[in-house]
Amino acid sequence: MPKIEVNRDIFYSFIGNTYTDDALEALLPCAKAELDAVDNDEGTLKIELNDTNRPDLWSTLGLARQLRVYEGGQRGEYNFFSNSKKSLDTGNRIVKVDPEIKATRPFMAAFAVTGKAVDDSTLKDLIQTQEKLCWNYGRKRKSIAMGVYRSDLFNYPVMYKAADPDTTRFIPLGMDKELNLREIIKEHPKGQEFGHIVENDKKFPFITDADGKVLSFSPVINSSEIGAVEVGDENLFIELTGTDLPSLILTASIVACDLADNGFTILPVKVEYPYETEFGNTITTPFYFQKGMSVSIEYARKLLGVDLSADEMKTALLRMGIKTEIKGEEITIEVPEYRNDFLHPVDIIEDIMMGRGMDSFEPVMPSDSTVGRISPEEEFARKTKDILIGLGFQEMIYNYLGSGKDYIEKMGITGDNHIQIVNPMTENYEFVRASIIPSMLNSEAISANAVYPHHIFEIGKIAFLDSKDNSGTVTKNALGFMSADRNEGFNQVSSSVSAIFYYLNKEYELVELDDPRFIRGRSAKIVYNGKVVGVFGEVSPQVLENWGIQMPATCCEIDLDFLIKD
Amino acid sequence: MDFDLKSLHPLEIRLLRHVAKNEKITAEQIIEDLSYKLGQCNQAFSWLAAKEYIVEVSRKLRTLYEITETGKDYVSKGTPELRIINLLKEKGSMRMPDISRDLGLENKDVGSAFGQLSKEGVLKMDSEKNVEVTDKDLPGRITLLVSLLTKGLESGLLDESQFTKDELIVIKANSKKRGAAGSPFKIIEREDLVYELTENGEKVKKLLLDQGVTGEEIGGLTPEMLSTGSWKGKEFREYNINTPPSRVLLGRRNPYSQYLQWVKDKLSSLGFEEFDGPLVETEFWNGDALFMPQFHSARDIHDVYYLKNAASAKEIEQPWLDQVAETHETGWETGSRGWGYKFDHDFTRRQVLRSQGTVLSAKQLHKAKIPGKYFGVARCFRYDQVDATHGADFYQTEGIVLGEDVNLRTLLGLLKMFAEEIAGAEEVRYVPGYFPFTEPSIEVHIKHPVLGWFELGGSGIFRPEVTKAMGIDVPVLAWGLGIDRMALMHLGLNDLRELFSPNIENVRLRRSK
């Protein structure tokens with residue numbers, strides 16, 4: 001979830017009101033936001049935004065817009081949008097796209113900004129917006145990257161090209177010498193961070209002006225001159241490149257609306273593609289591509305559980321900044337320029353809910369009568385636990401992830417059936433346990449100081465590879481128990497097994513076991529209905545030594561799923 | 001000062017009651033008066049001295065004589081001298097080697113006996129070296145030895161102080177301190193301790209007398225006492241009930257598992273049926289079926305665990321695969337416009353360790369009853385650094401409610417019920433939330449009597465993209481409860497790792513608040 005930092009005074013001036021921290025906290029849910037921290041010395045607020053489909057809220061101006069409108073204030077009118085029917089005049093502000101870039105990073109959106117000088121807080125906020133949008137929404141610049149430039153320093157048309165990484169050279173921002181694009185990936189900090197996005201391509205995305213002056217190596221780094229925006233600059237050019245056109249255009253719209261709310265004038269730019277896109281081969285951005293959406297009034301009532309009138313819904317949506325039209329039994333919304341999160345009519349219903357406020361919905365108990373019950377596995381587990389407790393065993397609960405060292409090496413087994421994680425956080429959590437026995441021996445290994453005898457058990461899940469299953473794995477409910485004491489041996493554990501089966505009302509037979517985990521001749525397989533359902537015996541001294549255990553121990557493990565079924 | 005009469009053993013009680021102020025208390029006396037065995041006497045002395053009820057005033061060295069195996073032999077067969085005399089009386093005169101042979105004695109022993117007895121005039125030898133008995137009476141030392149041997153056999157130990165002068169001479173001649181095997185007596189030297197009652201001892205004695213504690217009370221009831229009725233009319237020795245009891249190692253539930261069981265029982269009692277599932281899931285069920293786009297940031301390699309072997313499932317069940325894929329791409333028949341990307345059929349088969357309990361809800365949908373309520377307590381796995389608030393694996397409690405008439409208000413009602421019944425909340429607050437698979441989405445915050453305000457859980461109405469793709473046309477409420485914080489509070493812990501502690505002693509001692 002993105003977090004943004006806002007200057008409190010500027011934030012409140014954009015909302016048009018001031019709030020105590022408590023009052024702000026109470027208001028923020030209308031933007032699915034939370035007040036994370038307040039820094040009174042710096043006069044800043046940290047706010048967490050929970051809706052990953054509302055990138056328009058991830059900036060001072062965007063969040064302020066939502067709160068202002070919710071509180072009854074006005075939403076800006078944005079007259080700089082073109083759409084599929086009407087393209088605004090852009091004069092000479094044109095971007096020409098190189099056909100070769102299609103394979104790498106095919107799309108661009110751009111606009112120019114003018115009308116007043118950029119001040120410090122605007123610049124900070126612009127950088128923060130760019131970071132949040134490109135990181136969280138643009139998947140770490142992979143699908144969206146944004147650059148801001150001083151438009152006084154170059155001439156249109158801007159060229160968006162595919163450049164040879166070895167022969168193309170310029171001075172990147174933050175350095176004082178010329179490097180080629182490949183060197184930038186290796187040497188520049190931003191190159192090291194974002195170079196991987198393009199490094200496997202033959203040619204890299206590159207932006208210049210009409211005369212070949214460099215704007216940037218997108219999505220990595222701006223040039224040191226045109227790309228070095230400073231406080232006091234009055235004319236800016238903003239471009240975004242990426243791989244997904246709708247989200248790219250939406251991001252451009254969000255930034256444009258923010259700057260417009262901040263008092264800047266937005267000048268559209270025409271992007272000319274040598275290939276077709278879903279919005280044609282010339283797109284004048286900012287571009288309004290969103291389609292209207294309708295919801296049935298009846299459906300909204302049913303889902304909300306309240307008989308709201310169409311007008312009440314209209315008012316609620318307006319409070320969320322959404323204009324509507326009521327036609328018969330349907331409400332049609334005009335999706336705001338800065339939003340694209342209406343996938344289904346239910347998304348409108350949620351905005352109606354938020355516009356009404358949660359307090360207007362009275363909780364009511366579901367009236368359907370249903371029969372509750374625990375699962376047969378849980379019921380069987382409880383029955384089994386009762387017996388183990390009667391036998392004097394302490395119940396344990398273990399983690400299901402562990403190391404190959406514990407689960408395999410120390411047990412002296414091959415571990416062929418173990419589920420291994422490709423991307424473990426550390427080797428301590430690299431395998432899923434295929435047996436409860438190592439979990440219990442780990443307990444014994446760290447509990448030599450606990451008064452003896454030790455009797456412990458767990459009923460939990462184990463999982464292992466099984467090619468017969470569609471998933472190639474199987475998860476089982478298993479019982480494991482372990483005893484450790486000076487005089488602990490086969491006879492004791494065999495007696496416990498006998499008692500467990502007796503009280504579970506099951507018959508079993510024993511067959512000799514040859515298993516490296518146990519002492520041969522003092523361990524057995526438990527056979528139930530012709531199937532091996534468990535093993536038990538005296539733990540091999542080699543295994544005990546591997547674990548550093550200096551007390552004789554016995555273990556048993558039983559597959560409960562086999563017992564539950566029959 | 002308080003005296004604890006209940007900590008006194010019957011041996012101590014009887015001794016205390018018996019002795020008088022300023023009396024010299026010795027083992028000898030107590031053995032005689034109270035018929036204690038020496039061991040019992042010494043135990044009573046050491047316990048009472050430790051409690052400072054008696055105090056040692058002096059020590060006395062005593063010499064005792066103990067009959068040996070040789071001595072016992074003398075008693076049954078007679079002493080060698082007597083045997084020689086009796087043989088000669090019976091057979092007349094004999095030569096010395098014949099005496100040795102007949103009696104089974106060594107020649108030298110017979111020789112030295114003859115030397116002594118002939119000196120005393122009891123035996124004589126003729127010119128033919130035949131030995132015969134004279135008419136002279138037996139010397140006193142022999143009769144004295146016989147009587148000492150008899151006494152020694154009866155009482156075990158003979159005290160030197162009780163001997164006459166003559167007896168003393170005889171016994172000294174027949175005893176050795178070491179290597180006494182050939183002698184009839186062994187010399188034992190012993191130091192006798194002498195005690196007196198202390199002031200406290202006198203007070204305790206008085207208390208015992210006043211309260212009528214005799215030390216004759218019954219220590220423990222036995223089956224024999226019950227069968228014979230010998231307990232009747234007797235008192236029982238009273239125990240000190242505050243003596244720390246010894247520790248019992250018992251079979252016991254794990255309090256965390258017990259808490260989870262309580263949650264399960266609570267949910268069952270509220271009409272929910274439990275579901276469960278495997279630890280390994282496909283991307284299909286773990287995310288796709290929940291309408292999370294395959295490019296969603298929470299589905300990156302750094303958020304879920306992938307498998308090395310069994311990397312992909314063989315196939316995904318139909319028609320769910322086609323319906324879900326189509327829903328992602330175009331919205332299918334769900335009324336949605338979909339995510340508008342090309343659904344990846346290889347990615348969807350990829351397997352992960354279940355990262356969210358909602359998987360179980362997704363899988364339940366197509367087989368659910370309507371109306372129906374379901375819940376699961378599912379072990380989940382997240383790619384997180386393990387610390388006090390993140391486990392390698394952990395439990396999530398999730399569920400769904402299906403019904404023709406469920407809606408936002410019933411969702412709020414459900415959350416209120418959870419807040420009150422499961423968390424014991426005093427106040428409930430609902431705020432809009434965001435989850436990829438529900439719309440609307442609601443977070444419920446509660447004011448807990450101990451923990452204060454915190455987020456109890458997330459919930460919402462499943463998106464039609466989720467339910468319709470599974471063939472469900474009614475609204476479905478989905479909810480998840482974060483019960484870990486309550487579990488920690490319940491167990492008095494503040495580290496999630498402790499819930500899964502492998503430490504036997506920690507778990508044994510753990511109890512719920």
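Here is the naming used below: chain letters follow the sequence lines, and residue numbers restart at 1 for every chain.
Contacts between B:V428 and chain A at a heavy-atom distance below 4.5 Å are absent for every atom of the residue. For a residue to count as touching a neighbouring chain, one of its non-hydrogen atoms must lie under 4.5 Å from one of that chain's; by this rule B:E281 does not touch chain A. Contact of A:D469 with chain B is made through the backbone alone, with heavy-atom distances under 4.5 Å. If you measure heavy-atom distances from B:I461 to chain A, the contacts under 4.5 Å come from the side chain alone. At a 4.5 Å heavy-atom cutoff, the contact between B:K373 and chain A is made by backbone and side-chain atoms alike. Using a 4.5 Å cut-off between heavy atoms, B:Q351 touches chain A through its side chain atoms alone. Using a 4.5 Å cut-off between heavy atoms, A:F393 contacts chain B through its backbone alone, with no side-chain atom that close. Neither the backbone nor the side chain of B:L509 comes within less than 4.5 Å of any heavy atom in chain A. No part of B:L267 comes within reach of chain A, as not one of its non-hydrogen atoms sits under 4.5 angstrom from that chain. Only the side chain of B:I442 comes within contact range of chain A, with at least one heavy atom under 4.5 Å from a heavy atom of that chain. With a 4.5 angstrom heavy-atom cutoff, B:F275 does not touch chain A via any of its atoms.
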Pair B:D265-A:R382, salt bridge (Lys or Arg N to Asp or Glu O under 4.0 Å): steps then yes or no: CA-CA 12 Å; B:D265 286 343; A:R382 290 185 186 183; 2.8 Å; yes
CA sep, side-chain torsions, deciding dist, call: B:S441, A:E350, side chain to side chain contact (heavy atoms under 4.5 Å, CB included): CA-CA 8 Å; B:S441 304; A:E350 187 182 68; 4.0 Å; yes
Full working for salt bridge (Lys or Arg N to Asp or Glu O under 4.0 Å) between A:R433 and B:D393: CA-CA 12 Å; A:R433 71 172 185 181; B:D393 50 275; over 6 Å; no
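Panel note: side chain A:N423, backbone B:V304; a donor-acceptor pair is recorded below 3.5 Å. No side-chain donor-acceptor contact under 3.5 Å links B:K314 to the backbone of A:G472.
A cation-pi arrangement is found for B:R379 relative to A:Y400, the charged atom lying closer than 6.0 Å to the ring centre and inside a 45° cone about the ring normal.
For the atom pair CG (A:D347) and CD (B:E439), the distance works out to 4.0 Å, reported to the nearest 0.5 Å. To the nearest 0.5 Å, atoms CZ (B:R337) and NZ (A:K291) are separated by 8.0 Å. With rounding to the nearest 0.5 Å, the separation of OH in B:Y305 from CD in A:Q420 is 13.5 Å. For the atom pair CZ (B:R463) and CG (A:L343), the distance works out to 5.5 Å, reported to the nearest 0.5 Å.
Exactly one residue among A:D341, A:N50, A:N53 makes a side chain to side chain donor-acceptor pair (under 3.5 Å) with B:Y434. That residue is A:N53.
Taking B:P371, B:S257, B:P432, B:P278 one by one and counting their heavy-atom pairs under 4.5 Å with chain A, the maximum is reached by B:P432.
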